[in-house]
Amino acid sequence: MLKKKKKEEENKLHTEYGIAKNTFYMLKKVKEYRPILLALMGIGIISHSLMNYLWTFISKFILDILEQQSGTGNTDIMPLIHTLIWVAVVELVSTGLNVLTDNRCGLYMILVRMRMVTERVAKVLSMNYQTLEQPDILDMHSKASQAANNNNEGLEGMLHNIYNIGANVLTFLVTLATISVLDIRLILILAVISFVQFLFFRYTVKKDKKNVWDKMAPVWRKLDYMEYTLQNFDSAKDIRLFGMKKWLSGKQHEIISEKQDRMLYSKNLWTYNSLFAHSMLVLSTAAVYGILIFIILGTDMSIGDFTLYVGLSTTFTTALTAVLNDLGGFKQCSLKVDDFRSFIDLEMDNEEDCIPVPKTDKYKFEFRNVSYQYKGQEGYALKNMSLTLEAGKKMAVVGLNGAGKTTFIKLLLRLYDPTEGVILLNGTDIRKFRRKEYYELFSPVFQNVEVFAFPMAENISMKKTEETNRDLSRQCAEKAGLKEKLETLEKGVDTELLKVIHDDGIDLSGGEKQKLALARALYKNAPVIVLDEPTAALDALAEYNLYKSFDEIIGNKSAVYISHRLSSTRFCDSIAMFKAGVLIEQGTHDELLAKGGAYAEMFEIQAQYYKDENNNENAEFGEEAAVSV
């Protein structure tokens, strides 16, 4: 039942545009990105078609000349020489055009496909975060990625098919017109054989798409994850120290085995198709010779004509079969273009009626009866929550794992939209604002800090080189606690991070990465600071000192601090305590301690831990900063 429901949801997201619309779509992309390719394809279609039957006509003319001369005793070879000269000229021109068009068309098709890859990437970067992380959307993206990354199938395969079908259709029409003069029965027999072969080919394509490629999307997603995990520097330490090599290799092998089984199934399908196609070729050849021999017995057909019709019949069969098979392959590529277009055409947030975020010094956020339920989950991550973050105030959000703290932050940042209720900014529903403008209100610092293979200055500014203020980057780095680190670096903030692109790049420790994230927040200088457990890599005392110094640095800005430890609570204006997705307590530090509820209990446990751990040497600190149970 669940599988059926998921299938129905996927069908709602997936659109079948059809071969005709996809053909015009791809030609439109060619015109947009590389218009000269249209002209080259036209030239290539003509030259390729000509080469298919050129020597068949030439052979007839040569044989006719020789037959005429042998009958009259004429030994003049000049007509033959003239014919061969013209043949050589046509051959050279056609071959040159084929080489030129094949090379250029192949290159330009790749370039068009790569431009469409950038469309896919741009779509991912602009999609709603909440939508993008859904499994069905991830599968759609995986299919779109495969359609755009394979040069023999999908987008580029569609262009190759247009090119090949054009040449084969032209060849088919020329040979059809010629053979029809001889005997229409020959055309009918060859057409029937070719059509039977096509039906089997089409059956193979459908089976391959249904049982292989449609079921490969989750496999590709799993393989991408395993490749990333096994080659990611952050994972390397855990893999080695916990001896995970054998286990992870086994997991990867399971996924690869699943892929191999699908690919073997596909190869077997196409092996059977190839055997059937060769059988049909033998049958068509026998039919051609049988009919031509029957015609010869009743007429005075010349050797040249016999050679011509044998050659044209073979070319006709090959061209017709190729056209039909290309149409089957064309259908297969079109289905993958459907995958690409379905992802590209996914509806984005309609922001035409959105209003600008107000320009003011004070931003007040209010949650009114807000609930959030993750897709596919029965329970709520947050339930019926109401609270207010006043402008210029500091709020601490505390609670154990799974309390709903991170979900709350994602709702505040509008990475998620509420399932129920409303979030207001200065009295206006935040869904009425443009996301990009709304995001500019926040300087977030997350627990997992992404370090990019750029200079440190760009890692702080998160902007292009020419848009980065290097002096400001350095100042923010020093304020965030990286002054001593910069003094050890010869290039300072121009030092490259990571060794992925630059051999002289450096790695940062966990604590240094967190300070880098704080520097980013300072550089952005947004009116609201959000710290989502950014100090997990620091010890409790370092976290306490960092929070206090950072609080002084940001001044009168609004701030939300999230931590398992309670070191951030005493200097905050208010504290929100979450448990199992419910806001259970709210007030100042002193108010909640006096209440003697869940917050006071958690605080006492953590404070006592530090008193015991440090033999009462840090008893005062133990009342302010403690580690989570």
Side-chain angles (χ1 to χ4, degrees), residues 355-368 370 382 385-399 404-418 421-447 462 476 479-480 514 517-535 543-544 546-563 565-578 583 585-592:
I355 60 177
V357 172
K359 303 297 182 182
T360 179
D361 295 331
K362 295 183 178 181
Y363 293 97
K364 175 182 175 181
F365 298 86
E366 184 179 359
F367 284 65
R368 289 185 183 175
V370 170
L382 282 179
M385 180 193 64
S386 296
L387 63 77
T388 300
L389 174 60
E390 298 288 348
K393 299 297 183 180
K394 313 299 192 288
M395 174 183 287
V397 178
V398 299
K405 303 186 302 297
T406 298
T407 302
F408 164 71
I409 287 299
K410 289 180 177 179
L411 288 166
L412 174 64
L413 297 176
R414 212 193 159 195
L415 295 175
Y416 296 163
D417 285 328
V422 63
I423 304 173
L424 305 175
L425 169 61
N426 290 354
T428 302
D429 188 340
I430 63 174
R431 287 172 290 197
K432 293 185 178 180
F433 300 121
R434 297 184 183 91
R435 285 185 184 272
K436 185 177 180 180
E437 289 186 24
Y438 184 79
Y439 292 156
E440 292 174 358
L441 297 177
F442 300 95
S443 289
V445 181
F446 300 110
Q447 179 178 345
M462 302 294 277
C476 292
K479 288 180 180 179
Q514 300 294 354
L518 293 174
R520 287 176 181 167
L522 293 174
Y523 188 100
K524 187 175 182 182
N525 195 30
V528 183
I529 307 295
V530 176
L531 277 70
D532 186 8
E533 301 191 74
T535 53
E543 177 191 59
Y544 173 68
L546 182 59
Y547 268 133
K548 287 194 69 175
S549 61
F550 193 73
D551 187 65
E552 295 171 359
I553 292 171
I554 64 175
N556 296 323
K557 293 181 181 294
S558 301
V560 179
Y561 296 91
I562 294 184
S563 178
R565 301 162 182 153
L566 305 184
S567 58
S568 61
T569 60
R570 292 194 67 174
F571 55 82
C572 288
D573 300 295
S574 64
I575 300 165
M577 178 88 177
F578 287 82
L583 177 61
E585 291 184 341
Q586 186 176 4
T588 66
H589 173 75
D590 293 335
E591 288 172 348
L592 294 181

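From a predicted model like this one, the values you see are computed outputs, not experimental measurements.
Heavy atoms of other residues, nucleotides or ligands lying less than 6.0 angstrom from NZ of K479 number 12 at most. By the neighbour-count criterion of 12 heavy atoms within 6.0 Å, atom CG of N426 is densely surrounded, having more than that number from other residues, nucleotides or ligands.
Here the CG atom belonging to L531 is positioned 7.5 Å from the CD1 atom belonging to I554, to the nearest 0.5 angstrom. Within the model, atoms CG of N525 and OH of Y523 stand 10.5 Å from one another, a figure rounded to the nearest 0.5 Å. The CG atom of L425 sits 11.5 Å away from atom CZ of R414, with the distance rounded to the nearest 0.5 Å. Taking OG of S558 as the start and OH of Y363 as the end, the distance is 10.5 Å to the nearest 0.5 Å. I423 contributes atom CD1, which lies 7.0 Å from atom CG of L412 (distance to the nearest 0.5 angstrom). To the nearest 0.5 Å, the span separating OH on Y416 from OG1 on T407 amounts to 6.5 Å.
By the 4.5 Å heavy-atom criterion applied to side chains, S443 and L522 are not counted as neighbours. Inter-residue side-chain proximity for V422 and R431 is flagged as met; some heavy-atom pair is nearer than 4.5 Å. Considering only heavy atoms from C-beta on, I575 stays 4.5 Å or farther from Y561 through its side chain. By the 4.5 Å heavy-atom criterion applied to side chains, Q514 and L518 are not counted as neighbours. Side-chain contact between F408 and V560 is present, with heavy atoms from C-beta onward closer than 4.5 Å.
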Going by atom type alone, with no hydrogens or angles, which donor-acceptor pairs under 3.5 Å involve a side-chain atom of residues 386-398 and a protein atom two or more places apart or on another chain?
| from | atom 1 | to | atom 2 | distance (Å) |
| --- | --- | --- | --- | --- |
| S386 | OG | N369 | N | 2.9 |
| S386 | OG | N369 | OD1 | 3.3 |
| K394 | NZ | G555 | O | 2.9 |
| K394 | NZ | K557 | O | 3.1 |

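Closest of all the heavy-atom pairs between L413 and P444 is CD1-CB, 4.5 Å.
Residues forming a salt bridge (charged side-chain N to carboxylate O under 4.0 Å, His left out) with R435 (at least two apart in sequence, or on another chain): D349, D417. Every ring pair (Phe, Tyr, Trp, His ring centres under 6.0 Å) that F442 has, sequence neighbours left out, goes to F365, Y438.
E366 places no side-chain N or O within 3.5 Å of a backbone atom of L424 that could act as its donor or acceptor partner. At distances below 3.5 Å, not a single donor-acceptor pair connects side-chain atoms of K405 with backbone N or O atoms of F578.
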Q: Would you sort out whether R520 and M462 count as a side chain to side chain contact (heavy atoms under 4.5 Å, CB included), showing the intermediate values?
A: CA-CA 7 Å; R520 287 176 181 167; M462 302 294 277; 3.5 Å; yes

